[in-house]
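Heads up, the thing below is written out as structure tokens.
Bear in mind that the values here come from a model prediction, so they are computed numbers and not experimental data. For the single chain, residues carry numbers from 1 onward in sequence order.
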Amino acid sequence: MNQYLAHIALVVRDYDEAIEFYTQKLHFDLIEDTKLSESKRWVLIAPNGSRGCQILLAKAVGDQKLAIGNQSGGRVFLFLHTDDFERDYQNLLLQNIKIFREPSIEEFGQVCVFEDLYGNLWDLIEKKP
């Protein structure tokens, strides 16, 4: 059997503000932006250089709006691995992205927790070699 995660949906308030945040502030790549209807688009983003799972930006409708920024009940939701923690941490500061938990050295490597534009929590991680 050969399986893998292709996409994970991230509920957002607005496609364009989410695209701007992830591509301009976190330097993610916009993989696809296809209009499906007057109100729905298929928008995929991924960290620069990533060959793995992509994020589907899903515009919330109705009761889904309650999940914006809280898809994981206040826990860290997404884990962004990097090859240069200091570079990416400094970018978070430069972009005025809220740091939820300051950098620390753990058994597995260096980590900090930051919030995206909606308040979802992310780990930024550089694993030990």
Side-chain angles (χ1 to χ4, degrees):
M1 185 185 305
N2 187 11
Q3 299 176 329
Y4 64 94
L5 288 176
H7 313 300
I8 186 167
L10 180 64
V11 180
V12 301
R13 181 175 42 242
D14 178 82
Y15 292 117
D16 293 323
E17 75 178 3
I19 290 169
E20 180 179 346
F21 176 83
Y22 288 105
T23 62
Q24 301 302 311
K25 293 189 179 272
L26 293 183
H27 307 295
F28 282 22
D29 293 327
L30 178 61
I31 306 299
E32 183 177 350
D33 185 356
T34 302
K35 184 177 179 178
L36 300 176
S37 70
E38 285 303 313
S39 61
K40 189 172 183 179
R41 290 157 55 183
W42 182 260
V43 179
L44 293 173
I45 60 169
N48 185 272
S50 174
R51 294 178 306 267
C53 186
Q54 299 170 341
I55 297 173
L56 172 68
L57 300 177
K59 185 176 177 182
V61 295
D63 288 344
Q64 295 171 355
K65 292 177 183 177
L66 299 172
I68 296 172
N70 192 30
Q71 287 188 225
S72 63
R75 295 185 60 96
V76 170
F77 177 52
L78 297 163
F79 300 80
L80 180 61
H81 285 239
T82 180
D83 62 351
D84 188 336
F85 182 89
E86 191 59 33
R87 174 198 63 214
D88 292 338
Y89 178 70
Q90 289 303 317
N91 180 65
L92 296 175
L93 297 176
L94 181 68
Q95 298 296 336
N96 294 313
I97 294 172
K98 183 178 178 186
I99 304 302
F100 185 82
R101 189 174 308 124
E102 293 296 324
S104 63
I105 305 294
E106 305 295 337
E107 280 185 35
F108 56 83
Q110 192 166 12
V111 62
C112 76
V113 180
F114 68 93
E115 290 185 5
D116 68 14
L117 75 164
Y118 300 114
N120 294 301
L121 298 179
W122 291 64
D123 269 0
L124 174 65
I125 301 170
E126 182 178 4
K127 292 177 85 172
K128 285 183 180 176

**Message:** Tell me whether the rings of Trp122 and Phe114 are parallel (<30°), tilted (30 to 60°) or perpendicular (>60°).
**Reply:** parallel
**Message:** What's the separation between atom NE2 in His27 and atom CZ in Arg87, rounded to the nearest 0.5 Å?
**Reply:** 9.5 Å
**Fill in**
CD (Gln54) and CD1 (Ile45) are apart, to the nearest 0.5 Å, by 9.5 Å
**Prompt:** Does the side chain of Thr34 reach to within under 4.5 Å of the side chain of Leu44, using non-hydrogen atoms?
**Reply:** no
**Request:** Check the pair Asn120, Leu78 against side chain to side chain contact (heavy atoms under 4.5 Å, CB included), reporting the backbone distance first and the verdict last.
**Result:** CA-CA 8 Å; Asn120 294 301; Leu78 297 163; 5.9 Å; no
**Prompt:** Is the number of heavy atoms from other residues, nucleotides or ligands under 6.0 Å of Gln95 CD greater than 12?
**Reply:** yes
**Message:** Given 3.5 Å as the limit, does a donor-acceptor pair link the side chain of Asp29 with the main chain of Ile31, or not?
**Reply:** no
**Asked** Checking Tyr15 side chain against Arg41 main chain: does a donor-acceptor pair fall under 3.5 Å?
**Response** yes
**Item:** Close side-chain approach of Lys59 to Ser39, heavy-atom, < 4.5 Å
**Value:** no
**Asked** Hey, what do you get for CD1 (Ile97) to NZ (Lys25), rounding to the nearest 0.5 Å?
**Response** 6.0 Å
**Item:** Expected output: side-chain Gln71 to main-chain Val11 donor-acceptor under 3.5 Å
**Value:** yes
**Request:** Step by step, work out the side chain to side chain contact (heavy atoms under 4.5 Å, CB included) result for Phe28 and Ile55.
**Result:** CA-CA 10 Å; Phe28 282 22; Ile55 297 173; 4.2 Å; yes
